[in-house]
Amino acid sequence: MGIEINKIAVLGSGAMGSGIAQVCAQAGFDVAMRDIEDRFLEKGFEMIRDSLQRFARKGKIEEGDVEKILGKIKRTTDLKEAVGNADVVIEAVPEIMDLKLKVFKEVDEIAPKDAILASNTSFMSITEMAKTTGREEKVVGMHFFNPAAIMKLVEVIKAEKTSEDVMKAITDLVEKVGKVPVRVEKDTPGFIVNRVSAPSAALAGAILDKKVAEPEEVDARLMELGQPMGVYILMDYVGLDIYVDGQEYCEKTLSPDYKPAKVIKDLVDKKELGMKAGKGIYDWSAGRPQVDPSKATDKVEPTDFIAVQINEAVKILEEGVADNTEDVNTAMKFGMSMPLGPFELVDMVDDLKGTLENLAQKYEKKIFEPVTPIKEGKLEEFLAKYR
Ligand code: CAA
């Protein structure tokens, strides 16, 4: 018999924690949402109410369900109360490794011995978190995307010792809460989606630092091609602090080329963090910024972003992070609202090798240099092995 899951504890009530608590409660689970102060819990709870009311207005749930779902979420500042009888604990505290290690160690001591401990980290090593516990085989990554209430993807990440039973239980749980699970076979920085997106995020930053184009010019061009949000609006939407944390983690673990763009770092230092601060790359004080379509530029080729993503997607197949092209495509479509996945976009880039070589030279970043199968013109043969 598989592992039974009824009670879920979510640690953290920020954008992600509250979204995850909502999704689990909507699927009928009993949820305990824990944060360190009541005011954070209240803010998270109000975000959930707002989201549920939106669903009710759209007829996606019944009006009467709003209070019923909210009633399934117990708020607490007491860690023991939150995890004491949980079957699964999902950690969504700030992206500070020392904090996560401390939380995992503490939770390991007080959660039931069979409970699965999951982390919603965007980039960081699940294996490192697992090692602070006495139950490495029960520690797993469970990575949701923002806004969790809407985005369909959840990456299920296998750390060094995660058992197959736990991978299966979490994959099933993801399906039960109405999401699409994608297995990440190897615990590496950024997993699939954030790893494939990392060089395009670095490119977005470099475009600003090198003053190649203005954010609105690039976003207008990308939105013209059917993306729901341009790259800079999305950075603001997720939070520029999150962007900088992610790039810094990649800088430390993957390549110095990921050093966060100075323009963005300066905004973060000024606490202009994007949507949640009312100001970031854009002004959000009057709601979501309206991008002026007439600003669309040809100073940046949209296919440049695609090229660096295809290149990185090949690297994760080579490294065994994903074991097939379909999972990578699915992850990018459901995690980043892309109409097509990177391996479905190969034909859109006229000269993939040349494009990547130019970008590497222009922006002085080795991370953009073409990987061997692209350099040797053997991408199709390479990909055929993973189809
Ligand atoms: N709860 C409930 N409903 C919501 C909602 C929420 N939190 N957010 C948006 N909606 C609803 C809106 O009410 C609206 O409903 P209808 O279509 O029924 O009218 C619908 O969603 C669309 O919203 P908008 O009209 O405001 O705008 P949109 O069409 O641009 O959709 C979006 C919003 C779904 C967020 C879309 O812009 C999108 O997919 N953006 C990209 C998001 C993305 O890529 N996220 C990944 C970020 S990276 C990440 O999370 C990884 C990490 O580790 C940091």
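From a predicted model like this one, the values you see are computed outputs, not experimental measurements. All residue numbers in this chain count up from 1 along the given sequence. For ligands, and for the atoms within them, numbers begin at 1 and follow the listed sequence.
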Arg387: which of Glu344, Glu381, Glu380 passes salt bridge (Lys or Arg N to Asp or Glu O under 4.0 Å): Glu380
Among Glu106, Glu95, Glu128, salt bridge (Lys or Arg N to Asp or Glu O under 4.0 Å) partner for Lys100: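 Result for salt bridge (Lys or Arg N to Asp or Glu O under 4.0 Å) with Lys100: Glu95.
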Determine whether a donor-acceptor pair (N or O, by modelled atom type, separation under 3.5 Å) exists between the side chain of Arg135 and the backbone of Ala115. yes
Exam field: side chain Asn324 to backbone Tyr386, donor-acceptor pair closer than 3.5 Å: no
Flag the pair Leu153 / Met151 as yes when at least one side-chain heavy-atom distance between them is below 4.5 Å, and no otherwise.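 They are not in side-chain contact.
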Write out each pair where an N or O from ligand 1 and one from the protein are under 3.5 Å apart, with the distance.
from	atom 1	to	atom 2	distance (Å)
ligand 1	1 (N)	Ser51	OG	2.6
ligand 1	8 (N)	Arg54	NH1	3.4
ligand 1	10 (N)	Arg54	NH1	3.2
ligand 1	13 (O)	Arg54	NH1	3.4
ligand 1	13 (O)	Lys58	NZ	3.1
ligand 1	15 (O)	Lys58	NZ	3.2
ligand 1	19 (O)	Lys58	NZ	3.2
ligand 1	27 (O)	Arg288	NH1	3.1
ligand 1	30 (O)	Arg288	NH1	3.4
ligand 1	30 (O)	Arg288	NH2	2.7
ligand 1	39 (O)	Ser337	OG	2.5
ligand 1	45 (N)	Asn146	O	2.8
ligand 1	50 (O)	Asn146	N	3.0
ligand 1	53 (O)	Ser122	OG	2.7
ligand 1	53 (O)	His143	NE2	2.8
ligand 1	53 (O)	Asn194	ND2	2.9

Would you call the rings of Trp284 and Tyr237 parallel, tilted or perpendicular, where under 30° means parallel and over 60° means perpendicular?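 It falls in the tilted class, 30° to 60°.
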